[in-house]
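What follows is a short report on a single structure.
Values in this document were obtained by computation on a predicted structure and should not be read as measured data. Quick note on labels: first sequence line is chain A, next is B, and so on, each numbered from 1.
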2 protein chains.
Amino acid sequence: MKVTINDVAKLAGVSMKTVSRVINKEPSVRKKTYDQVMLAVKELNYQPNIAARNLAGTSSFAIGLVYDNPNAYYVIDMQNGVLSRCRDEGYELVIHPCESNSENMAEEFVTMIKRSRLAGLVLTPPLSEQQSIIDMLDELGIHYVRLLSGRAQEAKNSANNCIFVDDYAAAYEITEHLIQLGHKKIAFVLGDEEHKSTTERLAGYRDALKAHDIKQDDTLLYHGTYSFESGVKGAKALLADGNPNQITAILGGNDEVAAGALFAARLMNIEIPGQLSISGFEDSPFSRQTWPKLTTAHQANNIISEHAARLLFSKTRGHRKNDKEVSHVFTPSMVVRESTGRITQ
Amino acid sequence: MKVTINDVAKLAGVSMKTVSRVINKEPSVRKKTYDQVMLAVKELNYQPNIAARNLAGTSSFAIGLVYDNPNAYYVIDMQNGVLSRCRDEGYELVIHPCESNSENMAEEFVTMIKRSRLAGLVLTPPLSEQQSIIDMLDELGIHYVRLLSGRAQEAKNSANNCIFVDDYAAAYEITEHLIQLGHKKIAFVLGDEEHKSTTERLAGYRDALKAHDIKQDDTLLYHGTYSFESGVKGAKALLADGNPNQITAILGGNDEVAAGALFAARLMNIEIPGQLSISGFEDSPFSRQTWPKLTTAHQANNIISEHAARLLFSKTRGHRKNDKEVSHVFTPSMVVRESTGRITQ
DNA sequence: TGCCAAAATGACAACGCTGTCAAATCGCTT
DNA sequence: AAGCGATTTGACAGCGTTGTCATTTTGGCA
């Protein structure tokens with residue numbers, strides 16, 4: 001009934017250990033032996049027993065995905081990307097939502113890692129940016145890959161365990177798009193201050209303005225959080241009292257913020273995009289579910305996270321053959337929809 | 001360094017096996033022995049090794065959560081609910097997104113179950129409604145709990161492995177709410193036909209109309225899917241050509257559909273709720289992110305899924321002491337926001 | 001051909017727990 | 001106090017892999 005490594009060994013006419021070597025893609029197995037074993041594996045439809053591997057091996061066949069993100073779409077994309085890689089590799093995925101500001105986060109964190117003896121971790125922002133976590137993991141000698149906001153240049157010099165999303169470039173592109181539509185008073189409802197994506201997007205915005213000789217005006221900046229509510233508040237504040245700054249466009253820190261800004265604009269009877277252009281970031285599903293649909297920057301989170309997992313595996317199992325090199329920088333590309341346009345009124 | 005069951009046994013002055021009994025909450029351990037062991041467990045901060053338990057035991061210490069649902073908020077809630085229970089019980093959670101209409105779904109499904117020797121499964125709609133899956137699981141002798149749409153009455157007679165969400169009651173309540181606001185021409189943009197929640201919500205709607213002597217009119221029904229786009233299409237169809245049916249209210253099959261209907265109404269310059277009331281179901285976060293915010297029926301998915309997990313555990317480990325009885329029916333409660341009201345124009 | 005280091009393979013003992021079944025203990029009853 | 005069934009505990013053998021280390025085989029070179 002249940003096929004074990006012994007059955008395969010017998011059929012292939014080799015030892016148990018050699019089968020183990022083959023399924024773990026260890027080097028130093030002769031091609032002929034390898035084929036023999038693989039044949040037997042196929043014939044018996046052998047599936048290694050995870051529990052046994054976990055028990056016997058140095059680390060378990062599971063990786064963790066750690067997140068502290070209220071954006072469900074983002075999280076699901078991350079999960080699916082990592083999961084698809086895990087399935088291919090025969091690993092399990094342990095999801096670990098947590099609250100980065102909670103008292104016992106670090107503790108829970110370590111408990112989880114040790115309990116499951118995870119082979120590695122994929123860290124998503126903002127946890128990937130927390131130095132204390134990185135230090136802890138380094139100290140514990142745990143493999144991890146970080147998803148970070150950062151530019152291509154930075155990526156080249158960085159450690160080999162980071163995947164970058166070039167939010168700077170995305171913000172630059174969107175800002176330029178707005179400028180080309182004739183906007184000069186472009187406001188920005190920023191996300192959480194401590195998130196690096198916020199800093200990066202702000203920098204991209206600033207550089208785009210500078211490149212087009214538009215004066216920076218910090219009163220056009222609203223420091224908020226990555227939430228719908230913050231978008232509402234920010235837009236209200238920026239557009240208050242008859243829009244003293246004559247703002248004609250608002251960048252939302254992400255799609256949720258942009259949706260919030262849209263909401264606020266509606267409340268104030270402002271036409272979008274006739275009187276005001278609004279754009280988001282990330283191209284999450286609900287950027288297509290606002291009215292009008294949001295111009296945004298597409299960020300393929302499932303692909304990004306799959307690459308993160310790929311990178312993690314390549315580090316985890318150093319002896320493995322033929323791992324393709326993975327790209328470490330992803331640049332979101334702008335998606336122009338109906339929420340941005342020229343001023344018509 | 002690493003604390004094993006042997007260390008605990010030695011410290012407590014009992015055998016390894018007795019410690020095993022204690023941590024597995026098996027009956028027939030004397031109170032005194034139990035306390036002794038627990039003391040040692042605490043003192044050493046002993047954490048059973050999952051891999052070893054998985055290997056040695058009959059089934060693994062992991063349960064699966066299976067879903068095929070495009071609604072990220074729903075899925076995340078489900079995950080978090082189940083996960084919190086898993087943490088308490090020392091189980092791992094294996095998430096299994098899948099496509100119920102895909103060719104090899106069943107196959108993948110079984111592979112996953114066997115590979116991980118899962119202790120049980122939590123099935124969410126629509127997979128929980130697929131008889132072929134249920135049959136397969138029964139045949140394989142796998143424990144599972146189903147999350148279903150159904151009424152209190154039904155729950156009483158059902159097998160003990162179902163958790164019901166009373167969509168009928170929710171739809172009844174919302175419909176009655178609309179009726180009390182003076183609406184008589186209430187349309188319904190239904191979700192996927194094959195989902196039981198669709199049938200149930202429709203039944204609740206119908207009975208509410210009947211109870212208030214309002215004539216049923218099937219031209220007020222739009223058969224769609226649970227998606228934003230379907231909401232848009234449905235509302236457009238229902239309200240086309242100057243709204244021949246004089247519809248004054250639309251029930252969206254869920255919040256997404258309702259948001260879509262809202263979107264369509266905006267495109268047609270229809271005032272909400274002045275000219276048209278719209279309501280959703282589920283109270284997902286973006287029912288608060290539309291303009292105006294949606295009246296809907298709150299459904300505490302994280303709590304529901306936690307109960308599902310609790311029920312599953314109580315079935316899995318039959319010998320466990322003092323399991324509280326769990327309620328098997330959840331009735332969503334209406335949340336009145338700004339998208340419903342009396343006709344003013 | 002013979003020799004040797006390097007490469008490939010194998011034997012066997014863990015890994016840390018649970019299941020089985022036998023042994024010890026308990027709490028009654030007589 | 002002895003006897004008995006029921007309850008509680010323990011000894012020990014797996015569970016299916018991987019790690020370690022010993023052994024065999026290979027291929028290059030003298």
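Aromatic ring pairs are classed by plane angle as parallel below 30°, tilted from 30° to 60° and perpendicular above 60°; the pair B:Y91 and B:F61 is tilted. Ring orientation note: the planes of A:F330 and A:H307 are nearly perpendicular, at an angle over 60° on the 30°/60° scale.
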- prompt: When every nucleotide of nucleotides 5-10 of chain D is labelled 5' to 3' by its protein contacts under 4.0 Å (heavy atoms), B for base, S for sugar-phosphate only, - for none, what sequence of letters results?
  reply: ---SBB
task: Check the pair B:R85, B:D88 against salt bridge (Lys or Arg N to Asp or Glu O under 4.0 Å), reporting the backbone distance first and the verdict last.
output: CA-CA 5 Å; B:R85 202 90 269 285; B:D88 288 352; 3.5 Å; yes
- prompt: Between A:I63 and A:L121, is a side-chain contact (heavy atoms from CB on, under 4.5 Å) present by the stated rule, with each step listed?
  reply: CA-CA 6 Å; A:I63 64 171; A:L121 247 40; over 6 Å; no
task: Check the pair B:Y74, B:Q299 against side-chain hydrogen bond (donor to acceptor under 3.5 Å, both in side chains), reporting the backbone distance first and the verdict last.
output: CA-CA 10 Å; B:Y74 178 84; B:Q299 187 177 323; 5.4 Å; no
message: For A:Y73 and A:N301: C-alpha separation, side-chain torsions, deciding distance, then whether side-chain hydrogen bond (donor to acceptor under 3.5 Å, both in side chains) applies.
response: CA-CA 9 Å; A:Y73 291 114; A:N301 287 320; over 6 Å; no
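Across residues 39-46 of chain A, A:Y46 each have a non-hydrogen atom less than 4.0 Å from an atom of DNA chain D (numbered order). Listed by residue number, there are no residues of residues 107-118 of chain B with a heavy-atom contact under 4.0 Å to DNA chain D.
B:Y46 meets the ring-ring contact (aromatic ring centres under 6.0 Å, His included) test with no other residue; sequence neighbours excluded.
Relative to the axis of its first five pairs, the axis of the last five pairs of the helix from C:dT1-D:dA30 to C:dT30-D:dA1 sits at 40°, rounded to 10 degrees.
Distance alone, capped at 3.5 Å, places no donor-acceptor pair between the A:R53 side chain and the A:S60 backbone. Panel note: side chain B:N24, backbone B:R21; no donor-acceptor pair is recorded below 3.5 Å.
Judged by distance alone, the side chains of A:Q131 and A:D135 do bring a donor and an acceptor atom under 3.5 Å apart.
Straight-line distance from the CG atom of A:N49 to the P atom of D:dT17: 5 Å, rounded to whole Å. A straight line from CD of A:Q47 to P of D:dC15 spans 19 Å, rounded to a whole angstrom. In this structure, A:L55 atom CG and D:dG14 atom P are separated by 17 Å, rounded to whole Å. The distance between atom NZ of A:K31 and atom P of D:dT25, rounded to the nearest whole Å, is 22 Å.
Of the candidates A:I163, A:L127, A:V165, A:I163 is the only one forming a side-chain contact (heavy atoms from CB on, under 4.5 Å) with A:L147.
Two residues are said to be in side-chain contact when any heavy atoms from C-beta on lie closer than 4.5 Å; A:M112 and B:R87 fail this criterion. In this structure, the side chains of B:N45 and B:V3 stay at 4.5 Å or more apart for every pair of heavy atoms.
Reading DNA chain C from its 5' end, the first and the last nucleotide to sit under 4.0 Å from a heavy atom of chain A are C:dA8 to C:dG16.
The nearest pair of heavy atoms linking A:Y67 to B:Q79 is OH-OE1, 3.9 Å.
Counting heavy atoms of neighbouring residues, nucleotides and ligands inside a 6.0 Å radius, atom CD of B:E139 does not exceed 12 of them.
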